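Not measured: the values here are computed from a predicted model. Naming: A, B, ... by sequence-line order, numbering from 1 per chain. All values below come from the heavy atoms of this structure, side chains included, with hydrogens, waters and symmetry mates left out.
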There are 2 protein chains.
Amino acid sequence: MELPIDVTRRQSDIIIEAARLFREKGYLATSIRDISEALEMTSAALYYHFKNKEEILLAIMNVGLDGLMTAVTQAISREKSIWERIRAALEVHLEISLTYQDFAFVLLKDLRHLSPEWQGSIIAKRDAYDNLWDEMLLEGREAGIFRENVDLELLRLMTFGAVNLVISWYKPSGVYQPKEIADAFLEFIGEGVLTDQAIAAYQILK
Amino acid sequence: MELPIDVTRRQSDIIIEAARLFREKGYLATSIRDISEALEMTSAALYYHFKNKEEILLAIMNVGLDGLMTAVTQAISREKSIWERIRAALEVHLEISLTYQDFAFVLLKDLRHLSPEWQGSIIAKRDAYDNLWDEMLLEGREAGIFRENVDLELLRLMTFGAVNLVISWYKPSGVYQPKEIADAFLEFIGEGVLTDQAIAAYQILK
DNA sequence: GTCTATACTCTGATAGAC
DNA sequence: GTCTATCAGAGTATAGAC
């Protein structure tokens, strides 16, 4: 697994293992010793690579958000129509969230364990990602994809909410792949929010 | 606030205050001293009322689940048609979850901090509640309320998922009341899962 | 970069007086 | 039923040798 930011090889090992443990046991329930033992090093050695436990949490969150933002931005830029951009964004969002489940999980659950200053920096990054979606959904509405009465912020929240639900079931070994789940999801919410015109277009694309 | 199970007055105080703190700071981040100081007593005094910290968590979960089960069961028994029973169950589920938010929150987030044995007892109780819903939704499908292709377990999961989303925004001081939110939710998912016949019936009932 | 050793703090929990 | 006093253990983090 390659991490998208400027960290040393050893830092990257620590981030990946810590994310796994934070997900498995929770941030507070995971001790510095748990992490170091899983990496077959002493707890003191960890402090050479990170200033403290909180900085490991911060690194996990930054890696997770940067990875998601980069992947979704790239996916969007490859598509021409707004409909295809939304579909691709959903698929890649799901794919990244499911592939890097530990990061997605920590991002969702452990913001409160960051000090207020760091919390602010992560929230700002998350807001930028949310904005990307809101702009895309707005463009979608202007293009007549969504019914007039659909609240777009609510739609984004429900979309992310559904994705988070999926994270709690999904096993990488299972039969469903992110693309299939994204399609099933579009189908499920489809009749509720999409216009007849959009549904017809979707049938053609499949 | 009256608690529905057999606890002393002081135990009830502790349960309510602990639930508030567990929600605010998290179970592990809340110390026995935090709870006792909030109640203006010493940490040792707490141990007269509960054997240990875990038993407080268990009591919160039992109170929360019993309260939900009782309220929803009663609401269902008051309604005649399956459609009205489902609508009433949704409304009361929301109302209880929003009125006793601390309990709902702890129930959702802190199961992992219970020892395996206690976890089993809470999961069994939760399964009984889920079953109540599944039976009701099944009856609804047999009565022709839901489209044939709707997966009922998925519907329940998405319903609870949406409710959980609401819990994270809802402020009791706000303008929206549980009944209004339940109606808005029915409207939102309505066109996706309900049959035309059910929608028509719903319009009449409003 | 990693180790040993250790300082310091906070935690859950108990004993025993009142 | 609540208190004072206290303990054992675990937690984060650091100092300094290699």
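- Within the 4.5 Å cutoff, side-chain heavy atoms of A:R10 are placed close to those of A:M41.
- The shortest side-chain heavy-atom distance between A:I15 and A:F50 falls under the 4.5 Å cut-off.
- A salt bridge links B:E24 with B:R20: the distance from a Lys NZ or Arg NE/NH1/NH2 to an Asp or Glu carboxylate oxygen falls below 4.0 Å.
- Along DNA chain C, the stretch of nucleotides lying under 4.0 Å from any heavy atom of chain A spans, 5' to 3', C:dG1 to C:dT4.
- For the contact set between residues 28-39 of chain B and DNA chain C, defined by any heavy atom under 4.0 Å, the members are B:T30, B:S31, B:I32, B:R33.
- Looking at residues two or more places apart in sequence or on another chain, you find a ring-ring contact (aromatic ring centres under 6.0 Å, His included) between A:F22 and A:Y27.
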Can B:R126 and B:L111 be said to form a side chain to side chain contact (heavy atoms under 4.5 Å, CB included), step by step? CA-CA 11 Å; B:R126 199 191 56 188; B:L111 189 60; 4.0 Å; yes
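- In terms of the salt bridge (Lys or Arg N to Asp or Glu O under 4.0 Å) criterion, residue partners of A:E139 (sequence neighbours excluded) are, by chain and number, A:R85.
- Counting heavy atoms from C-beta on, the side chains of A:V72 and A:I96 never come closer than 4.5 Å.
- Taking B:W133 as the reference, B:Y129 meet the side-chain hydrogen bond (donor to acceptor under 3.5 Å, both in side chains) condition, with sequence neighbours excluded.
- Of all the residues in residues 41-56 of chain B, B:M41, B:T42, B:A44, B:A45, B:Y48, B:H49 reach under 4.0 Å from DNA chain D with at least one non-hydrogen atom.
- Atom CG of B:N131 and atom CG of B:L138 lie 11.0 Å apart (nearest 0.5 Å).
- To the nearest 0.5 angstrom, A:I14 atom CD1 is 6.0 Å from A:I56 atom CD1.
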